[in-house]
Amino acid sequence: MKFSKILIPTLKEPPTEAHTASHRLMLRAGMIRPLGAGIYTWLPLGLRVLRKVEAIVREEMDAAGAQEVLMPAVQPAELWRESGRWDHYGKELLRLTDRHDREFCFGPTHEEVITDLARRELKSYRQLPINFYQIQTKFRDEIRPRFGIMRGREFLMKDAYSFDMDEASLEESYRAMYEAYNRIFRRCGLRFRPVEADTGTIGGSFSHEFHVLAASGEDGIASCSQCDYAANLEKASSAPLPPLDFSDLPMRRVETPGKKTIQAVSEFLGMRVEALVKSLVVETPNGPFLLLLRGDHELNPIKAAAALGVAQVVIPDPARGAELTGGIPIGFLGPVGTTLPVVADEALAGLNGFACGANAADAHLTGVRWERDLPKPRYADLRTVLAGDPCPRCNGGQLSLDRGIEVGHVFKLGDKYSKSMGIVVLDQEGRERTPIMGCYGIGVSRIVAAAIEQNHDANGIIWPVALAPFEVEILLANPNEPEAVRTAETLYRELRARGLAVLLDDRDDRLGIKFKDADLLGCPVRLVAGGRALKEGKVEIQTRRGGDAVQAPLAEAVAVTLARLEGCDGRDGQEMSA
RNA sequence: CGGGGUGUGGCUCAGUCUGGUAGAGCACAGCGUUCGGGUCGCUGGGGUCGUGAGUUCGAAUCUCGCCACCCCGACCA
């Protein structure tokens, strides 16, 4: 492709709304343009990358035995009423009405449609196991779309749905997808990690998320230094912490005027934060609870909700909090003598001689011991793990924390949809049975943004070879010099003959502009045809990812370029998986 | 939804406080110059100042309503 014949509207300055690297760079490199909040047009350069991701996903899904289908983007409301999600999905579901006042939605996901297909077409155990996938535009009316393509409202997603007769078979289907996902992300040249995930309110037995590791990731990931354990911070747990005993003196009341925070109390009493217990009042559908955590630990609301058996826990604002505690100000709450039901984090089981609020304004208690000063509470896992916590799986491993961008999710659904929507097949004995399902998503468009988050520098994008819109960019140093033009055209032809996608910057512009744009677009290998090198009959060849520029004789240029591309691959994809 | 912010040529912004002829840089078109890291100069085209109402002799500027977008908190690929 010649630069003069393709629309690549690069920007010297990014629009103000873009703050994250991938969003800025995609706009600056002319890959995308916004049309509204969270909706984008893919321009030729961006689309080339998107198609590359799509092709990798398609190849690996096919190889894993899944069958491609394409389901409607617009779906009738009746299906969603049948599964119960028309009322429960909430405002994220974009609802439409047709000319006959019939209700539809723009599909945010396709469990209902695939289940409907399955109940019509699947009749016998002989047809199972079976796995359907599609690569489709979805729409989720996100509360707050942000980060450009990363969290758009409209996005391209690969979703797959498996149907199996029994748990053992589902396990195999799940495993096949898990492995296909590892291959997909590895082929995309991404540094990623599969992690155990919270299954959320949908339930289901088992779930893994695939995260691209990047400092700007929205999710926290804990992983073990020694074994395979890795989990979303929402779910990650720790092995029991070593017991701590700070004092065997009698419990004592201390005046602590105005010392409301753990930090302030710790300084005032001269005690480590680990020796303090913080008491949080939370509101739930089952009423208020007092939750206890070690001073340096943070509440994990998702775990808390699970432990209390409620859909959600809400941390009230101070005014409401005081109301719930009967007037005791936040900051001085404590478990001794409280009237609220108490649940303590497991880390407190081995903690004794601690300090906590006195359940009275401007006072704390020190030297508090379980059983002596207050009854043993109910214990549950309530906290978010910290770096350095002991691994829950192995002996001696420590957890470390990373940020990740969720690009894939594999999920065992069980019979949630197959039962409610009535899929029935006959088994070997001729009995009616309900198949169980798995679902498997990949954020295809999100991968493009995630790849940039992970692969860029101050000057622009640095594409992994597998995703690059062009493997090679040739800069024509001087379009008015016949010798330079001939050289560029020759290289262009020969490299394309080797099956490479090549971008030839033939614009009538200064070389400086072409260098800047080439850095921005991030093709893995860059050649300069003409200029200094050509005076010696040579071509300049450079790798975008920090390689030194070399000069090669014209006759060797293709071979050197190919070797450089090989070198790029070596530095790219890295499986961080088990 | 709650809180904060911004809307002025395609982009980045000044002008708004203190009402009085709509500006700059980049981008775009033409000419010249330069030619290995966004050269320099001249000329030119392009703006209902988000939108509706109000105040005023006069509104980008003041008042009120609305809309859009961005940023910070609870969901998800």
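Residue numbers start from 1 in every chain, and the chains themselves are labelled A, B, ... in the order their sequence lines are given, proteins ahead of strands.
In this structure, of B:rG36, B:rG38, B:rC76, it is B:rC76 that holds the atom nearest to the side chain of A:R151. If you check B:rA77, B:rG37, B:rA27 against the side chain of A:E406, the one that comes closest is B:rA77. When distances run from any side-chain atom of A:A533 to the nucleotides B:rG38, B:rC75, B:rG36, the shortest one goes to B:rG36. Each of B:rC72, B:rA77, B:rG36 was ranked by its minimum atom distance to the side chain of A:H409; first place goes to B:rA77. The side chain of A:E540 lies closest to B:rG36, out of B:rU39, B:rG36, B:rG37. Distance from the side chain of A:E13 is smallest to B:rC11 among B:rG37, B:rC11, B:rA27.
With 3.5 Å as the limit, one finds a donor-acceptor pair spanning the side chains of A:D159 and A:Y161. A:S83 and A:Y417 share no donor-acceptor pair across their side chains, judged by distance under 3.5 Å alone.
The nucleotide B:rA60 finds no pairing partner, because no Watson-Crick or G-U wobble arrangement with both distances shorter than 3.5 Å includes it. Under the Watson-Crick and G-U wobble criteria, each requiring two contacts below 3.5 Å, nucleotide B:rA74 is left unpaired. Searching all strands for a Watson-Crick or G-U wobble partner of B:rA27 with both distances below 3.5 Å returns nothing. Using Watson-Crick or G-U wobble geometry with both donor-acceptor distances under 3.5 Å, B:rG7 finds its partner in B:rC67. Here B:rG36 sits opposite no nucleotide as a Watson-Crick or G-U wobble pair (both hydrogen-bonding atom distances under 3.5 Å).
For the P atom pair drawn from B:rG23 and B:rG32, the interatomic distance equals 30 Å after rounding to whole Å. Rounded to a whole angstrom, the distance from the C1' atom of B:rG37 to that of B:rG46 is 31 Å. On the P atoms, B:rC28 is 43 Å away from B:rA74, given to the nearest whole Å. Taking the P atom of each, B:rU61 and B:rG19 are spaced 12 Å apart, rounded to whole Å. Rounded to whole Å, the separation between the P atoms of B:rU56 and B:rG41 comes to 48 Å. Straight-line distance between the C1' atoms of B:rA27 and B:rU18: roughly 35 Å, to the nearest whole Å. Taking atom P on both B:rG52 and B:rU8, the two are 15 Å apart, rounded to the nearest angstrom. B:rG38 and B:rA77 have their P atoms separated by 45 Å, given to the nearest Å.
At a cut-off of 3.5 angstrom, counting only N and O atoms as typed in the model, there is a donor on one side and an acceptor on the other between the side-chain of A:D517 and the base of B:rG38.
In this structure, CG of A:L11 is placed 9 Å from C1' of B:rA27, rounded to the nearest angstrom. The interatomic distance linking A:M150 (CE) with B:rA77 (P) rounds to 15 Å, in whole Å. Spacing between atom CD of A:Q551 and atom C1' of B:rG36 amounts to 11 Å, rounded to whole angstrom units. B:rC76 atom C1' lies 14 Å from atom CZ of A:F139, rounded to whole Å. Between the P atom of B:rC76 and the CG atom of A:L156 lies a distance of 21 Å, rounded to the nearest Å.
Remark: of the listed residues A:E196, A:E406, A:H208, A:E209, A:E209 is the sole one forming a side chain to side chain donor-acceptor pair (under 3.5 Å) with A:N232. Checked options A:W80, A:W86, A:F106; the residue passing with A:R95 is A:W86 (criterion: side chain to side chain contact (heavy atoms under 4.5 Å, CB included)).
Figure legend: A:K412 and A:Y174 shown as a cation-pi pair, the cationic atom lying under 6.0 angstrom from the six-membered ring centre and within 45 degrees of its axis. A cation-pi arrangement is present between A:R175 and A:Y178, with the terminal nitrogen or guanidinium carbon under 6.0 Å from the aromatic centre and inside a 45° cone about the axis. Stacking of A:R48 on the aromatic ring of A:F470 is recorded, both the 6.0 Å distance cut-off and the 45° axial limit being met.
Phosphate proximity of B:rG38 to A:R510: absent, as no side-chain N or O sits under 4.0 Å from OP1 or OP2.
Per the stacking criterion (ring centres < 5.5 Å, plane angle < 30°), A:F515 does not stack onto the base of B:rG36.
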